[in-house]
Amino acid sequence: MQSSISLSLSSASPITARSNCGADLFLSNNTTPSQLRFCGLRREAFAGCKSSSSNNSIRFKQLRSTKKVSASLSGNGTPSKGFDYDLVIIGAGVGGHGAALHAVEKGLKTAIIEGDVVGGTCVNRGCVPSKALLAVSGRMRELQNEHHMKSFGLQVAAAGYDRQGVADHAQNLATKIRNNLTNSMKSLGVDILTGFGAVVGPQKVKYGKVGGTETVITAKDIIIATGSIPFVPKGIEVDGKTVITSDHALKLETVPEWIVIVGSGYIGLEFSDVYTALGSEVTFVEALDQLMPGFDPEIGKLAQRVLINPRKIDYHTGVFATKITPAKDGKPVTIELIDAKTKEPKDTLEVDAALIATGRAPFTEGLGLESVNVQTQRGFIPVDERMRVIDSKGELVPHLYCIGDANGKMMLAHAASAQGISVVEQVSGKDHVLNHLSIPAACFTHPEISMVGLTEPQAREKAEKEGFEISIAKTSFKANTKALAENEGEGIAKMIYRPDSGEILGVHIFGMHAADLIHEASNAIALGTRIQDIKYAVHAHPTLSEVIDELFKSAKVTGYVSNEAREPISV
């Protein structure tokens, strides 16, 4: 979640501790400039500060009596005439945070409203604590794999774990990142307003505690970034103990012997990795005819062979869980299944627990959208390609934007951040359209899965419709020296592209550190880089990045198109 995505090509200005922004950095005698961190956030946030030294170096004050590192900026811009703020953001998740930092960089007086805790779903109940649990599951798998350890010449005693210690690791990480985000915004002068925020009219927002005093403020522009909550289908009773959502599962209050996971997408797969590593048996219940329906089919089949079949996992596909009853009075959790097509009863499962991983629903109720004549569509706020909110008549609502899960374009934390940055570019006077096809996604199983752009079926459909041909290039981790050194040769990389122009349509990776490797392809798509140009890039040897290098080099491009900047594609 720390890696905010920005597709603008503006370069970062140097950071100066002594500047016309009044920022001073206090360091202990043992701290060096190379050790300085601004809460893990982008240094470009300080780009508005002018250097007072000729060589643009960072000046430091050393205080023997303190180890505290602090950064403060004098002011948060001057608001446009007639408004309290240039920009008000409702929701302080990753999307709102990314927008706020970029707004300060642009000199906008900015406020952010948060009704719960800073960081939103990602930091507190999503990608951050789940990665802590997955870090544990990865280590457990390695330590439990006797054959794998012996191949290195290592002998390891039986591995065990402390459930509360694992849970504490996840919560401690969430707390640390939440504090980092809060401190970063405070240090930049962003006003953090506590309470539930809602639109009360054009360029007006109210905030305050439910049932308490409310305050109305004005803003030249408003961004809604309220995120999402777990989606629970009808007929499923969640008690938070034996029938749970991802919000509950991340607390790891129990490790059940047998757990059903309803849904085999990103959330379900990652939790299956955690639970099986900690000793649970898992059963997937999937409404569609195949597991992992959102992935490229070829990648999905390989992932099933590695992530599902060898583990203590079974599955039911093509079925709905129409009723789930929590465990009570000594009785187990009961799950009633029906055929997804015929709706006839199929089976009844009795298990220790059930995790509902059927996706997420936008959190958009009570936002006062009726005051600006906006109606949600299946809960999502309608927007155009520039994230501008559309009212019930199909017209744009002036100065009102919506980013992240609340608009439903791409329900990923880094997509929300990228959308927020794009909106700030627009309100600062620079038109910007985000290319959503360049935004990567990843599933942090062991091994990992990552993707960007179109799947092969999507690309073939597009090619048939628009009248061009596609080609497929593949490389294997089995041919990569670094992967073999780690005894992690299981995996492939796949690229779908146009042989006539060298345009990259999609890249999919299954293997060690796939989530890190995808970004070279993502950036190539974002920048419009063609295969015939990027294939000459040099990669260090031996590294996993050579998997992608070989992928580009194996592509056969028949034509040549100059690498001119292309118009971004909106979805």
Side-chain angles (χ1 to χ4, degrees), residues 5 7 265-266 288-304 384-386 408-412 415 418 433-443 449-477 491-511 514-515 517-537 547-571:
I5 297 177
L7 300 184
Y266 295 87
L288 299 181
D289 291 333
Q290 64 180 40
L291 295 176
M292 297 173 276
F295 298 88
D296 182 88
E298 184 175 5
I299 297 294
K301 287 180 181 179
L302 176 58
Q304 181 172 334
D384 70 354
E385 72 280 1
R386 290 175 173 80
K409 279 184 172 289
M410 201 171 199
M411 298 179 79
L412 296 168
V433 177
L434 178 65
N435 179 2
H436 284 77
L437 290 178
S438 71
I439 298 176
C443 185
I449 310 170
S450 64
M451 64 223 69
V452 65
L454 304 176
T455 63
E456 183 177 342
Q458 290 170 338
R460 292 196 182 281
E461 181 180 353
K462 179 180 175 67
E464 184 177 353
K465 184 177 180 180
E466 298 182 12
F468 62 84
E469 293 185 357
I470 66 169
S471 292
I472 308 294
K474 299 176 190 177
T475 54
S476 173
F477 279 65
I492 65 168
K494 172 181 178 180
M495 178 170 63
I496 306 111
Y497 66 99
R498 289 185 58 164
D500 60 337
S501 65
E503 179 184 1
I504 301 170
L505 300 175
V507 174
H508 305 264
I509 308 172
F510 174 69
L517 296 175
I518 196 65
H519 295 92
E520 186 169 2
S522 170
N523 291 335
I525 294 175
L527 300 174
T529 306
R530 307 286 174 157
I531 294 170
Q532 56 267 36
D533 296 309
I534 200 171
K535 70 191 300 181
Y536 294 110
V547 171
I548 307 303
D549 183 32
E550 291 300 323
L551 187 66
F552 293 142
K553 284 180 166 59
S554 66
K556 307 297 181 185
V557 179
T558 57
Y560 183 82
V561 177
S562 61
N563 187 21
E564 297 177 354
R566 296 162 49 238
E567 290 296 319
I569 304 168
S570 63
V571 295

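If you're wondering where the values come from, they're calculated on a predicted model, not measured in any experiment. These numbers come from the heavy atoms of this one structure, side chains and all, not from hydrogens, waters or symmetry mates.
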Worksheet entry | Distance-minimising heavy-atom pair for Ile470 and Ala463 | CG2-CB, 3.7 Å

Fill in: Sequence-distant partners of Lys301, salt bridge (charged side-chain N to carboxylate O under 4.0 Å, His left out), two or more places apart
none

Worksheet item: Between atom CG of Asp296 and atom CG of Leu454, what is the distance when rounded to the nearest 0.5 Å?
Response: 10.5 Å

Worksheet item: So, for Val507 and Ala521, which heavy atoms are closest and what is the spacing to 0.1 Å?
Response: CG2-CB, 3.6 Å

Practice prompt. Take Asp500 and Arg498 through the test salt bridge (charged side-chain N to carboxylate O under 4.0 Å, His left out) and record every step on the way to the result.
Written response: CA-CA 5 Å; Asp500 60 337; Arg498 289 185 58 164; 2.8 Å; yes

Discussion item. Using every non-hydrogen atom in the two residues, find where Val547 and Phe477 come nearest and quote the distance to one decimal.
Written reply: CG1-CE1, 3.9 Å

Discussion item. Atom CD of residue position Glu461 - does it have more than 12 heavy atoms of other residues, nucleotides or ligands inside 6.0 Å?
Written reply: no

Discussion item. For Pro440 versus Ile518, what's the shortest heavy-atom pair and its separation?
Written reply: CB-CG2, 3.8 Å

Worksheet item: At what distance, to the nearest 0.5 angstrom, does OG of Ser554 lie from CD1 of Ile472?
Response: 11.0 Å

Worksheet item: Could you go step by step and tell me if Lys474 and Glu298 meet the side chain to side chain contact (heavy atoms under 4.5 Å, CB included) rule?
Response: CA-CA 11 Å; Lys474 299 176 190 177; Glu298 184 175 5; 2.5 Å; yes

Worksheet entry | For Tyr266, ring-ring contact (aromatic ring centres under 6.0 Å, His included) partners two or more places apart | Phe295

Fill in: Val452 side chain reached by Ile504 side chain, heavy atoms, under 4.5 Å
no

Worksheet, complete the sentence: When rounded to the nearest 0.5 Å, the distance separating CG of Leu505 from CG of Leu437 is 9.0 Å

Fill in: Partner set under side chain to side chain contact (heavy atoms under 4.5 Å, CB included) for Pro297, not counting sequence neighbours
Pro457

Worksheet item: With sequence neighbours excluded, what pairs up with Lys553 under the salt bridge (charged side-chain N to carboxylate O under 4.0 Å, His left out) test?
Response: Asp549

Worksheet entry | Rounded distance [0.5 Å steps], OG in Ser450 versus NE2 in His519 | 8.0 Å

Worksheet item: For Glu456, what residues pass the salt bridge (charged side-chain N to carboxylate O under 4.0 Å, His left out) criterion, not counting sequence neighbours?
Response: Arg460, Lys494

Worksheet entry | Glu469: salt bridge (charged side-chain N to carboxylate O under 4.0 Å, His left out) partners, not counting sequence neighbours | none

Worksheet item: Please walk me through it: do Ile534 and Glu520 pass side chain to side chain contact (heavy atoms under 4.5 Å, CB included)?
Response: CA-CA 10 Å; Ile534 200 171; Glu520 186 169 2; 4.3 Å; yes

Worksheet entry | Interatomic distance, Phe510 atom CZ to Ile492 atom CD1 [nearest 0.5 angstrom] | 9.0 Å

Discussion item. So, taking the atom named CD in Gln532 and the one named OG1 in Thr558, what distance separates them when rounded to the nearest 0.5 Å?
Written reply: 9.5 Å

Discussion item. Quick one, Thr455 with Ile299, criterion side chain to side chain contact (heavy atoms under 4.5 Å, CB included). Give me CA distance, side-chain angles, the key distance, then yes/no.
Written reply: CA-CA 10 Å; Thr455 63; Ile299 297 294; over 6 Å; no

Worksheet item: For the residue pair Ala555 and Met495, what are the closest heavy atoms and their distance?
Response: CB-CE, 3.7 Å

Worksheet item: Taking all atoms of both residues into account, what is the closest heavy-atom pair of Ala493 and Leu551, and its distance?
Response: O-CD1, 3.5 Å

